[in-house]
Amino acid sequence: MKSILLNIAKEEFNNNLNKVHFVDDKYANNFLNNLDKYPHAFVLACLMDKRIKAERAWMIPYKVYKELGSFDIDYLYKKPLSRYKRLFNVGNYHIHNNEAAKYFYKAIHLIKEKYDGDASKIWKDNPSSATVVYRFLEFEGIGIKIATMAANILARQFKIPMSDYCSIDVSPDVHVRRVMKRLYNLPDNATTEQIIYKAREINPTFPGLIDYTCWKIGREICHPKKIECDKCPLSKECYYYINKK
Ligand code: SF4
């Protein structure tokens, strides 16, 4: 049976490259989209994206850039950890400023020492998706959720060529969870692993492909209380809509 969800996700994947919307601030957004000049900004932003709102996390590299007046990797590399700790604490960038500053500093050192200062070497050589995820996991402070999210953004939105996509899982947040539970009649207390394996079952060659479509529908249509099934493109295959309306 053809899946409407998969069709929508594939269409989005095949669309031409658009600028990725990370943050509302257009200068910061352009900065994060500039993978040619500042590939390390993308990596550092991914690293910051935990325990705080995504918008706040993704602004951090740009704030550092504005404070220091440069985002050149050699310049960043020369700054001591104490400088980053001061920046993070004075600007209150994160809820865990000292820890986030330490991860930020260590990531700069890994990029400089392992990738000659060029973070795009993490994804440049047509690697397998497992290699990309693994390379992100080598950064202190990055777990599997962020590593797969980073690989997914690179593949799906920046259209970075990879030899396969099978190791890119969904990174289930509240929206993805809610939509997948209703769509596939998963239990209310479905674990992260259940969500991930359901996505693998649906599209084993690229499980994370459906992540963005589910997230968007969850954010815009499939709300916790106000469930606007009449507007939803997935209604014809949605368990909740078919059985509980
Ligand atoms: S049909 Fe309704 S319940 Fe199903 S995903 Fe769409 S909005 Fe959610």
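Quantities reported herein were computed from a predicted structural model and do not represent experimental measurements. Both backbone and side-chain heavy atoms feed into the values below; hydrogens, waters and symmetry mates do not. Atoms within each ligand, like the ligands themselves, are counted from 1 in listed order.
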Would you please say whether a donor-acceptor pair under 3.5 Å links the side chains of D118 and S120?
yes
Go around atom 2 (Fe) of ligand 1 and count every protein N, O or S atom nearer than 2.8 Å.
1
Which atom pairs, donor and acceptor, lie under 3.5 Å between side-chain atoms of residues 204-214 and protein residues at least two apart or in another chain?
from : atom 1 : to   : atom 2 : distance (Å)
D211 : OD2    : S171 : N      : 2.7
T213 : OG1    : E12  : OE1    : 2.8

Hey, what else clusters with L137 if you join Ile, Leu, Val, Met, Phe, Trp, Tyr whenever side-chain heavy atoms sit under 4.5 Å?
V133, I144
Nearest heavy-atom contact between V170 and P172 is O-CD, 3.3 Å
Partner residues of K231 under the salt bridge (Lys or Arg N to Asp or Glu O under 4.0 Å) criterion, sequence neighbours left out:
E228
Derivation of the side-chain hydrogen bond (donor to acceptor under 3.5 Å, both in side chains) call for N29 and D24:
CA-CA 7 Å; N29 207 52; D24 290 338; over 6 Å; no
